[in-house]
Protein chains: 2
Amino acid sequence: MTPPRRTPEGTSPQDATTASSPSVPRKAPGVKDVAALAGVSVGSVSNVINRRDSVRPDVRERVEAAIAQLGYKPNPTAQALRRGTSPLVGVAVFDLTNPFFMEAAAAMERVLSREGYIMTLSSTHASVQEERELLEALGRQAVRGVLLTPADCTHEAATRLAAEGTPVVLFDAANAPEGIPSVSIDDRAGAALAIEHLLALGHRRICFLNGPADMRQSAQRLAGVEDALAHWQQLTGADNVRLTVLNATAYTAQAGHCAAENSVSQALQATDGTAPTAIFCANDLLAMGVMSYLRVSGWTIPTDVSVIGFDDIPLAAQMPVPLTTIRQPMDELGTAAAELLLSGTDTPARHLTFNPVLTIRESTAHPTR
Amino acid sequence: MTPPRRTPEGTSPQDATTASSPSVPRKAPGVKDVAALAGVSVGSVSNVINRRDSVRPDVRERVEAAIAQLGYKPNPTAQALRRGTSPLVGVAVFDLTNPFFMEAAAAMERVLSREGYIMTLSSTHASVQEERELLEALGRQAVRGVLLTPADCTHEAATRLAAEGTPVVLFDAANAPEGIPSVSIDDRAGAALAIEHLLALGHRRICFLNGPADMRQSAQRLAGVEDALAHWQQLTGADNVRLTVLNATAYTAQAGHCAAENSVSQALQATDGTAPTAIFCANDLLAMGVMSYLRVSGWTIPTDVSVIGFDDIPLAAQMPVPLTTIRQPMDELGTAAAELLLSGTDTPARHLTFNPVLTIRESTAHPTR
DNA sequence: CTGAAAGCGCTTACAG
DNA sequence: CTGAAAGCGCTTACAG
């Protein structure tokens, strides 16, 4: 053997000086260094790291001492290459800026980092194109798993990724394919809850400000709204509820503000007796934007008009008019998703559904008109 | 050569059947497959990928055709191991749940993904311990770089990481060490701006609800408050301004609400003529919590008391009482930080400082008491 | 310009 | 139980 430890090409100027010139970043110790120090082979070092029990106690002790002395940490990249899987878990949400996702992401990170994984958080901007690209990139990274809020209803890319062996769990996706585990709340039931609350308060002219029509969440919440209405009519035998459905362009406060300005306010000002007395917004952010516009336009909440949201983001309770809303347990959702992912693929795919709960605060009241 | 392509251990049941049983996940093609198809060596394949110009045009074409036909994508893990750097960029913030950080993170992701990097977003919970652990983990991942909101004022772990060769840029850190590039706004000037605004409106009894006293942001904003006061006294020659400084336990709406309940409201109710007529909150979230409590307690904003925040998160404009605040250009901050990171370490470390700007909305007015 | 070979740092059957 | 060796998929001097 010649001086073999360096790559032939990697001889930087500093390397020419004494092995450990103090200002030069010391090369991190590797298995070989540990093996040398402990007087064993690299295989044994690896064994104490990966299969502790299959190694004689005294060897283990020597190796562990060497590891401690050198401050040795395995190189995760090399482990990933060899094992075919890395300590990364990819999390892909629609929008990094939406508190709903971030609450869930924070919960996910809690369980992932507790188990030694690193969370890779990215946004798909609810685009199926970006989702596909991201999923492919994550697949190539050999991530330990992927937690995805799917934009693509066909679940094509996700299914492929799963078929290639990467555990995937769908988050906030109701119609998950059989083979892929999922965690979500019952959006439909949640929306029904909101309408029932409004109905119970006495509202008969209701505006539903939904999100973009092509999103699954929107479709389901609309279905829930219609469920509640149908049920009500069946119960009362009367066809006395008027529903106005509007769509915002995104699930953001800004979009809510715009929608309020452009369409909600017109509905509210109808003089033919159809003006809504309550607005159900498909998420809290939308509700905030709406309330903001309403206030500027001189409406008082809930006196002039009731507003109810969806999600119960932390800010909902902190609004000047604390928002009545449908609570999604974001924390539990995130935790469950992460745990499901790590719990392994051995069991058949499970689909967890959480129940939304009506949280009454001050933005809803009996109608005065 | 014997049948050499498989790892000796990796012979799963399916592999025993015909090479490409349809239900089995096809092994992704590698350089060797491309080389074989193109009739060249793997070295040449690698060359067309990494040093396009050093390869004869006709060879390049054949290789590119093979790559396209096979849908070949380089394995980033192997590249990372060999090159010593991965396509990952680590971003570490205090709190995934704070819109300020997430706005910036969204901007960072925009530039990073445009350049082909993957963002790894994690939270340090503003703990120096967690920060150190995270930085070490990222270092071991051989990430392309790290964008950090530092909790540790000594910048010890960050400095070490940088010394080991990982590019680091500090984000929202004013007192960055010489050697590490940083991006931040002038917190001190921003806080002064807020106080000047209040003073100009005629307020003479001001409450400053700061964040946790041990955070750098808090210290600087307090300094800015004092600057403005000193300057005012110098200008007017009068010592007629009364400042009350309070600390919230965190930079959250919740903490703001608690602070309002526990201390701010007491100050407000002082009957000895010291009751503040305006409150400067060290961030918008705090301001939201405060406003929420104030409203419940019967105060009207801005008539009874003015409130001004800091950050200008998107929701600030969407509050029922749109919040006057000091705007940080989160987008630009994030973009600049990411670009600084990728622009390379060749230039001397740069420290970019952005100017905060006073954004007047409706939560501040002349005092009425 | 191209091919063959070494090596990144690890893990894992396999033979002793 | 341990050591030596092969190999994960790529990149890069180096010799032709």
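Nothing here was measured: the structure is a model prediction, and the numbers come from that model. Letters go in sequence order (proteins before strands), and every chain restarts at 1.
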Review point. Among C:dG3, D:dT11, D:dA5, which is the nearest nucleotide to the side chain of B:Arg82?
Key: D:dT11
Check your understanding: Is A:Thr77 near enough to C:dC10 that one of its side-chain N or O atoms lies under 4.0 angstrom from OP1 or OP2?
Key -> no
Exercise for review: Going by the side chain to side chain contact (heavy atoms under 4.5 Å, CB included) test, name the single residue among A:Val34, A:Val55, A:Val40 that passes it with A:Val48.
Suggested key: A:Val55
Exercise for review: Check the distance between D:dC1's P and A:Glu61's CD and give it to me in whole angstrom.
Suggested key: 16 Å
Check your understanding: In whole Å, what is the span from the CZ atom of B:Arg60 to the P atom of C:dC1?
Key -> 11 Å
Check your understanding: Which nucleotide in the list D:dT2, C:dA4, D:dC8 gets nearest to the side chain of A:Val55?
Key -> D:dT2
Exercise for review: Let me know the distance between CG of A:Asn47 and P of D:dA4, rounded to the nearest Å.
Suggested key: 14 Å
Review point. Counting just side-chain N and O atoms, does A:Gln79 come under 4.0 Å of either OP1 or OP2 of C:dG9?
Key: no
Review point. Expressed in angstrom and rounded to an integer, what is the separation of A:Arg140 atom CZ from D:dC10 atom C1'?
Key: 15 Å
Exercise for review: Starting at atom CD of B:Gln141, determine the distance to atom P of C:dC10, rounded to an integer number of angstrom.
Suggested key: 13 Å
**Study point:** Options C:dG3, D:dG3, D:dC8, nucleotide nearest the side-chain atoms of B:Lys32
**Key:** D:dC8
Study note, to complete from the structure: When B:Leu81 and B:Val42 are each assigned the nearest nucleotide of DNA chain C, the 5'-most assignment goes to B:Val42
Practice item. Return the 5'-most residue of the pair B:Gly43, B:Ala78 with respect to DNA chain D, ranking by each residue's nearest nucleotide. Key: B:Ala78
Check your understanding: Choosing from D:dT12, C:dC10, D:dT2, which nucleotide comes nearest the side chain of A:Val59?
Key -> D:dT2
Exercise for review: Among B:Val111, B:Leu88, B:Leu342, find the residue that satisfies the side chain to side chain contact (heavy atoms under 4.5 Å, CB included) test when tested with B:Tyr117.
Suggested key: B:Leu342
Point to revise | Listed nucleotide nearest any side-chain atom of B:Asn50, set D:dC8, D:dT11, D:dC10 | key: D:dT11
Exercise for review: Go through D:dC10, C:dC10, D:dG3 for me and flag the one nearest to the A:Ser41 side chain.
Suggested key: D:dG3
Point to revise | B:Arg83 CZ to C:dG9 C1', straight-line distance once rounded to whole Å | key: 17 Å
Review point. Counting only N and O atoms by type, is there a donor-acceptor contact under 3.5 Å from the side chain of A:Glu109 to the main-chain atoms of A:Met119?
Key: no
Check your understanding: Taking CG from B:Asp58 and P from C:dC1, how many angstroms apart are they, rounded to a whole number?
Key -> 12 Å
Check your understanding: Given C:dC10, D:dT11, C:dT12, which nucleotide is nearest the side-chain atoms of A:Tyr72?
Key -> C:dC10
Exercise for review: Quick one: label B:Gly30 by what it contacts on the DNA or RNA (base, sugar-phosphate, nothing), any heavy atom closer than 4.0 Å.
Suggested key: sugar-phosphate
Check your understanding: Looking for any heavy atom pair under 4.0 Å, which part of the strands does B:Ser46 touch: base, sugar-phosphate only, or nothing?
Key -> base
Review point. With respect to the phosphate group of C:dT2, does any side-chain polar atom (N or O) of B:Arg56 fall under 4.0 Å of OP1 or OP2?
Key: yes
Check your understanding: Are the charged groups of A:Glu136 and A:Arg160 less than 4.0 angstrom apart, N to O?
Key -> yes
Check your understanding: Is it the case that A:His125 and A:Ser123 place a side-chain donor and acceptor less than 3.5 Å from each other?
Key -> yes
**Study point:** d(CG, B:Leu70; P, D:dG9) in whole Å
**Key:** 14 Å
Point to revise | Base-pairing assignment for D:dA15 (Watson-Crick or G-U wobble, both under 3.5 Å) | key: C:dT2
Practice item. Would you check if there is a donor-acceptor pair between the side chains of B:Asn50 and B:Arg83 at a distance under 3.5 Å? Key: yes
